[in-house]
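Worksheet for the structure shown next.
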Amino acid sequence: MAVVSASVDAFLVAAATIVVSTALFLRRQPALLTLRNALTVVVVFNSLSVLYTIIVLWPPNIFQRLRIPLNTPSETIRASLLRHAGLPPDTPLPKPLDALLTRLSSFDMRSLYVRFGQTVIQDCDHCTTSDDYLVFTLPRIALGYVKEAAVLGAITIRGSGHERWRAWAVALTVGAFIVESYWITTVPIALPHDGRDVFMWHDNLWLIRHLFFLVLPILVHSLPRAAPKQDPIPLLAAARMQLQQTQPQLMNARFVHAAIEREPTLRAAAAEWWERQHVEGAWAREDEHVRRAAEKLGRGIQDGTDGPPGRLYEKTKTAMSMIFNSLGLRLPQ
């Protein structure tokens, strides 16, 4: 037996399950007051809101509620409504419902009922054509997508780790709105002769839309998070310390060079090593295949004698000039 109503009871059970599961999940986290946990709560509240809409606020449909064919005459619908409510046959219906039955006396209006739903047909007093109803219903649909985009923007804020997914999620939301609007406008309405088993386009698209609103934030929030950006200050401090250690070594390099030149054995070994490096470097620079491959990779080694100098040659020359200048030396030509 339902405590309040079947739909409300179902929502309360689903909400209690979600809230308890979320509380247990957050309790297991090492830190409770974090941005990720706050965004998890936002996703949970959005899910509860959408579930409440789907379970409790399902769009009304007198044909499905009374289980009658779509081509049932308005007077028969009126009698069925009074009988279903347990009222006498001469009891007047509420004004909005009475106006709806009056409009449903037109067969074309029943086609619009399938396309736009009962709420739109019942609430739009000034609408007479399909375009009027379309203009009346599209802002309501757009508002739901705007709310969805706001939720997606909230769960992809800076620091969430999902910043890169924001543009994709919002683009998907906009695309879904465009597809639904186009579908509502152009879908052909098939009405069987007996009026039964009619595919209610509005109700089914409404359900698909809200399932989309339910699933997309959960999916975005569950996607892999990007690595947090490191603070550049510690990196700069480490680089500064490394440079401070390297500078004295570079300053001592010229004294090492002088010491090598004063020792005959070291001087001969150094000269032999540099001569070998010079010969091997000349082999590589003179090889036509190496020169072409280096140029394709942006590592040109031409010295500029037979054409423009290569990029690697220019960069190396600039770097060596800076090193020699810092040591108080002059780069040999």
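- Ala154 and Leu39 get closest at one heavy-atom pair: O-CD2, 3.3 Å.
- Between Pro96 and Asp123, the closest side-chain pair of non-hydrogen atoms is not below 4.5 Å.
- In the hydrophobic clustering of this structure, Phe107 groups with Phe63; members are Ile, Leu, Val, Met, Phe, Trp, Tyr whose side-chain heavy atoms approach within less than 4.5 Å, directly or through other members.
- With values rounded to the nearest 0.5 angstrom, Glu280 atom CD is found 10.5 Å from Glu275 atom CD.
- For Ser74 against Ser105, the heavy-atom pair with the smallest separation is OG-N, 3.5 Å.
- When side chains are defined from C-beta on, Arg103 does not count as touching Tyr113, because their heavy atoms never get closer than 4.5 Å.
- Atom CD of Gln245 is surrounded by more than 12 heavy atoms from other residues, nucleotides or ligands within 6.0 Å.
- Thr137 places no side-chain N or O within 3.5 Å of a backbone atom of Tyr133 that could act as its donor or acceptor partner.
- Within the 4.5 Å cutoff, side-chain heavy atoms of Pro59 are placed close to those of His202.
- Here the side chains of Val19 and Leu48 are in contact, with some heavy-atom distance below 4.5 Å.
- From Ile54, atom CD1 reaches atom CG of Leu214 across 5.5 Å, with rounding to the nearest 0.5 Å.
- The 12-atom threshold is not exceeded at OH of Tyr52, counting heavy atoms of other residues, nucleotides or ligands nearer than 6.0 Å.
- Residues Val50 and Val146 are members of separate hydrophobic clusters, defined by side-chain heavy-atom contacts under 4.5 angstrom among Ile, Leu, Val, Met, Phe, Trp and Tyr.
- Taken together through direct or relayed side-chain contacts under 4.5 Å among Ile, Leu, Val, Met, Phe, Trp and Tyr, Val179 and Val170 form parts of separate hydrophobic clusters.
- Between Pro60 and Thr119 there is a side-chain heavy-atom pair separated by less than 4.5 Å.
- Taking the six-membered ring for Trp and the full ring otherwise, Phe136 and Phe116 have centroids separated by 6.0 Å or more.
- Rounding to the nearest 0.5 Å gives a distance of 10.5 Å between CZ of Arg115 and CD1 of Ile121.
- At a threshold of 4.5 Å between non-hydrogen side-chain atoms, the residues Pro192 and Val198 count as touching.
- Aromatic ring centroids of His278 and Trp274 lie 6.0 Å or more apart.
- The distance from the CD atom of Glu180 to the CD1 atom of Ile141 is 4.5 Å, given to the nearest 0.5 Å.
- Few gaps surround CZ on Arg140; more than 12 heavy atoms of other groups in view lie less than 6.0 Å from it.
- Rounded to the nearest 0.5 Å, atoms CG (Asp203) and CH2 (Trp58) are 6.5 Å apart.
- Within the model, atoms CZ of Arg209 and OG1 of Thr53 stand 10.5 Å from one another, a figure rounded to the nearest 0.5 Å.
- Counting heavy atoms of neighbouring residues, nucleotides and ligands inside a 6.0 Å radius, atom CZ of Phe45 does not exceed 12 of them.
- Using modelled atom types, one side-chain atom of Ser222 and one backbone atom of Ile218 make a donor-acceptor pair closer than 3.5 Å.
- Thr34 is not listed as a side-chain neighbour of Gln29, based on a closest heavy-atom distance of 4.5 Å or more.
- A side-chain donor-acceptor contact under 3.5 Å links Thr72 to the backbone of Pro69.
- At most 12 heavy atoms of other shown residues, nucleotides or ligands fall within 6.0 angstrom of atom CG in Leu33.
- In this structure a side-chain-to-backbone donor-acceptor pair under 3.5 Å is present from Gln118 to Ile62.
- Within 6.0 Å of CG on Asn204 lie more than 12 heavy atoms contributed by other residues, nucleotides or ligands.
- Panel note: side chain Thr102, backbone Asp98; a donor-acceptor pair is recorded below 3.5 Å.
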Where do Ile189 and Trp201 land on the side chain to side chain contact (heavy atoms under 4.5 Å, CB included) test, with the steps shown first? CA-CA 8 Å; Ile189 305 299; Trp201 280 103; 3.5 Å; yes

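- The only option from Asn46, Thr40, Thr156 that meets the side-chain hydrogen bond (donor to acceptor under 3.5 Å, both in side chains) definition with His221 turns out to be Thr40.
- Under the 4.5 Å side-chain heavy-atom criterion for grouping Ile, Leu, Val, Met, Phe, Trp and Tyr, Val43 is not connected to Leu35 through any hydrophobic cluster.
- Heavy atoms only, all atoms of each residue included: Val56 and Ser7 are closest at CG2-O, 4.0 Å.
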Given side chain to side chain donor-acceptor pair (under 3.5 Å), test Asp132 with Thr129 step by step and report yes or no. CA-CA 5 Å; Asp132 294 337; Thr129 64; 3.2 Å; yes

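- In this structure, Glu163 does not pair ionically with Arg166, as no charged nitrogen and carboxylate oxygen lie closer than 4.0 Å.
- You'll find the side chain of Arg276 stays beyond 4.5 Å of the side chain of Val279, heavy atoms only.
- A donor-acceptor contact shorter than 3.5 Å is absent between the side chain of Asn37 and the backbone of Leu26.
- Contact between Ile157 and Ser160 at its shortest, heavy atoms only, is O-OG, 2.7 Å.
- Cluster annotation: Leu172 and Val215 are assigned to distinct hydrophobic clusters (Ile/Leu/Val/Met/Phe/Trp/Tyr, side-chain heavy-atom contacts under 4.5 Å, transitive).
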Tell me, with the steps shown, if Trp165 and Arg225 meet side chain to side chain contact (heavy atoms under 4.5 Å, CB included). CA-CA 10 Å; Trp165 302 112; Arg225 302 178 64 194; over 6 Å; no

